[in-house]
Amino acid sequence: MDQRTYNQYCATARTLDIVGERWTLLLIRELLTGPKRFGDLQASLRGLGTGLLAARLKHLEAEGLARKITLPPPARTPAYALTEAGEELAPAILALARWGLKWAMGQPRESETFHPGWAVLGLRACFDPGAAADLRAVYEFRIDDEVFHARIHDGTIETLHGPAQHPDATITIGAASFLRLTGHDLTLAEAMENGDASVTGDSEALHRLRNLFRLPPPHTRNALPPAS
């Protein structure tokens, strides 16, 4: 597959030469939350055909952003993981996510899919380090069949797929209610009152939770400034 180029000796252009093709940044998004098998990537990226997925992964390998690995026991299956260069794209991906939450989301379209596991990266994008000062806690999130957790340690966050060994607090909520929560149509307290969510665990950890993640209110993109 021929690689298109902007033919500009510019850091931004050179970067877009590498990651600007369709699906490439979404592949990196998937791999930022840990190694994935080929089938895992297919399941998360509906609409990306097998041939194009293979081509994009080959491109990421050739550019030194991803590599093939073998998952540890008991899986022992081939998978893909990011290299150091690939991992360093995380701030750019998170910045795009924050921009999208503010300027691009709106209501979900009927044709769009949603995977609760995407929230693993979303939690990092919305994390407020200042609100987590002096906090050490592990939060487990259960959204439909997806389970993931966040480790908070003195203003830093690590988010991982899978259950936590010893969570300080557990939040259980359905995907539909979670989408309403992220869209500012519902608060966690309201979801609990309606029976759409439940929380268990340490009361102090749960009290701190409501300030740890700040979703920007949605804005409307205007081509022209409002009339005075």
Side-chain angles (χ1 to χ4, degrees), residues 25-37 40-41 43-45 65-66 69 71-72 75 79-102 105 113-175 177-183 188 191 197-202 204-216:
L25 283 178
L26 292 185
L27 271 172
I28 294 169
R29 178 199 69 185
E30 294 298 312
L31 295 174
L32 278 172
T33 59
K36 301 288 189 303
R37 296 170 295 187
D40 297 329
L41 295 169
S44 292
L45 299 171
L65 300 182
I69 65 167
L71 293 176
Y80 293 87
L82 291 177
T83 63
E84 179 183 2
E87 291 282 354
E88 287 196 6
L89 284 165
I93 301 292
L94 294 179
L96 285 171
R98 284 189 289 268
W99 186 92
L101 285 167
K102 181 177 180 179
M105 288 298 285
T113 59
F114 170 71
H115 292 280
W118 290 338
V120 174
L121 208 59
L123 290 177
R124 297 185 208 171
C126 300
F127 179 62
D128 183 348
D134 302 320
L135 175 64
R136 297 186 181 185
V138 178
Y139 296 90
E140 182 174 280
F141 297 87
R142 301 175 182 177
I143 305 177
D144 286 351
D145 295 331
E146 294 269 5
V147 181
F148 50 91
H149 63 279
R151 297 181 179 275
I152 311 297
H153 187 276
D154 291 338
T156 64
I157 184 171
E158 178 186 22
T159 56
L160 298 166
H161 287 283
Q165 289 189 347
H166 302 289
D168 296 287
T170 301
I171 299 89
T172 303
I173 188 170
S177 296
F178 180 76
L179 282 175
R180 291 185 61 202
L181 191 151
T182 58
L188 182 58
S198 63
V199 298
T200 58
D202 178 74
E204 177 62 20
L206 290 170
H207 176 73
R208 298 284 297 271
L209 173 65
R210 57 185 171 182
N211 294 320
L212 292 178
F213 305 100
R214 298 191 180 277
L215 286 163

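All heavy atoms count here, side chains included; hydrogens, waters and symmetry mates do not.
Summarising the geometry, atom CD belonging to Q165 is positioned 11.0 Å from atom CD belonging to E140; distances are rounded to the nearest 0.5 Å. Atoms CG and CG, on L82 and L31 in that order, are 4.5 Å from each other to the nearest 0.5 Å. For the atom pair CD1 (I157) and CG (L212), the distance works out to 7.5 Å, reported to the nearest 0.5 Å. In this structure, T170 OG1 and L206 CG are separated by 8.5 Å, a value rounded to the nearest 0.5 Å. Rounding to the nearest 0.5 Å places OG1 of T159 at 8.5 Å from CZ of F148. For the atom pair CD of E158 and CZ of R124, the computed distance is 8.0 Å after rounding to the nearest 0.5 Å.
Here the shortest heavy-atom pairing between H166 and V138 reads O-CB, 4.2 Å. Here the shortest heavy-atom pairing between L101 and C126 reads CD1-SG, 3.5 Å. Across all non-hydrogen atoms, the minimal contact from L45 to L27 is CD1-CD2, 3.7 Å. Across every non-hydrogen atom of F141 and A150, the tightest pair is CE1-CB, 4.2 Å. Counting all heavy atoms, side chain and backbone alike, E146 lies closest to P116 at CG-CB, 3.7 Å. Nearest heavy-atom pair across I152 and F127 is CD1-CE1, 3.8 Å.
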Please tabulate, one pair per line, all N/O donor-acceptor pairs under 3.5 Å involving side-chain atoms of residues 84-98, not counting sequence neighbours.
unit_1: R98; atom_1: NH1; unit_2: A125; atom_2: O; d: 3.2

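At least one donor-acceptor pair under 3.5 Å links the side chain of T33 to the backbone N or O of E30. Formation of a donor-acceptor pair under 3.5 Å by the T156 side chain with backbone atoms of H153 is found in this model. At least one donor-acceptor pair under 3.5 Å links the side chain of Y139 to the backbone N or O of A205.
Partner of N211 under the side chain to side chain contact (heavy atoms under 4.5 Å, CB included) criterion, out of R214, H207, R208: R214 alone. Considering D144, V199, I143, L179 as possible partners of I173, the one that fulfils the side chain to side chain contact (heavy atoms under 4.5 Å, CB included) test is I143.
Scored by the ring-ring contact (aromatic ring centres under 6.0 Å, His included) test, F178 finds no partners at all (sequence neighbours excluded). Not counting sequence neighbours, F213 has no partner by the ring-ring contact (aromatic ring centres under 6.0 Å, His included) test.
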Evaluate the criterion side-chain contact (heavy atoms from CB on, under 4.5 Å) for residue pair R210 and L188; output intermediate values, then yes/no. CA-CA 8 Å; R210 57 185 171 182; L188 182 58; over 6 Å; no
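For CG of D134, the number of neighbouring non-hydrogen atoms (other residues, nucleotides, ligands) closer than 6.0 Å is 12 at most.
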